[in-house]
Amino acid sequence: GAGVSQTPSNKVTEKGKYVELRCDPISGHTALYWYRQSLGQGPEFLIYFQGTGAADDSGLPNDRFFAVRPEGSVSTLKIQRTERGDSAMYLCASSLMGQNNEQFFGPGTRLTVL
Amino acid sequence: KNQVEQSPQSLIILEGKNCTLQCNYTVSPFSNLRWYKQDTGRGPVSLTIMTFSENTKSNGRYTATLDADTKQSSLHITASQLSDSASYICVVSAASGTYKYIFGTGTRLKVLA
């Protein structure tokens, strides 16, 4: 596609439920990133994929968060046993491999945990 | 600790006026600095990127400056338009891992008619 797409655009769930957030990167971009952005704050790094593998998952807050990218394209961020504090905008970005390549961001998924 | 701080937190100006946003960082070793524009409810969009050796970079009405010695950057917006209303985020990459963007908290700009 022309840009990074994310689905759903909004997700409302109840505390304790499981959610999946999807990211479709720009075609040909082998690097993919997940960020979390709380209201009034800048995005915070969660995880970085090179191809199918997670090259850096140091930003994942705890073991309730997990992300996959099985075929090196689409990625899914999975959150188990959601908590109210998980409510945020989840942003996905993709880039070409290599140093200093620009990350292109998707529109985000707004997650609200009631 | 690698940090990026921005000021002011928010700004209101009249259409047609100029404004300057500030960014201070403590990221080391420094690789590059970007300014992004983020419309409400949307993902950030890149405006400029500067490396250590660059002092100024322009993109239309947007001009970014970088002083790597004092670790400061500014984004100057000329002849503001209503569509400039957005959050402007300063993003720094460290040479030890340029993929890991370090974001500032942003400056929320509102341009009034």
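Every chain is numbered from 1, with letters handed out A, B, ... down the list of sequences.
For the pair B:G43 and A:L91, the tightest heavy-atom approach, listed with the atom from each and the gap, is CA-CD2, 4.0 Å. For the residue pair A:Q103 and B:Y36, the shortest heavy atom distance occurs at O-OH, 3.0 Å.
Considering only heavy atoms from C-beta on, B:I49 stays 4.5 Å or farther from A:E102 through its side chain.
Atom CG of B:L82 has more than 12 heavy atoms from other residues, nucleotides or ligands within 6.0 Å. More than 12 heavy atoms of other residues, nucleotides or ligands lie within 6.0 Å of OH in A:Y18, so this atom counts as buried by the packing criterion. Within a 6.0 Å radius of CD in A:E44, other residues, nucleotides and ligands contribute 12 heavy atoms or fewer. A 6.0 Å sphere centred on CZ of A:F66 holds no more than 12 heavy atoms belonging to other residues, nucleotides or ligands.
Linking Ile, Leu, Val, Met, Phe, Trp and Tyr residues whenever their side-chain heavy atoms come within less than 4.5 Å leaves A:Y90 and A:V4 in two separate clusters. Note on A:L32 and A:F65: same hydrophobic cluster, where clusters join Ile, Leu, Val, Met, Phe, Trp and Tyr whose side-chain heavy atoms are under 4.5 Å apart, directly or indirectly.
By the 30° and 60° cut-offs, the orientation of the rings of B:F103 relative to A:Y35 is perpendicular.
Of the two parts of A:S58, only the side chain, counted from C-beta on, holds a non-hydrogen atom closer than 4.5 Å to a non-hydrogen atom of chain B.
Judged by distance alone, with hydrogens and angles left aside, the side-chain atoms of A:Y33 form no donor-acceptor pair with the main-chain N or O of B:Y101 at under 3.5 Å.
Interatomic distance, CD of A:Q37 versus CD of B:Q38, reported as 4.0 Å (0.5 Å rounding).
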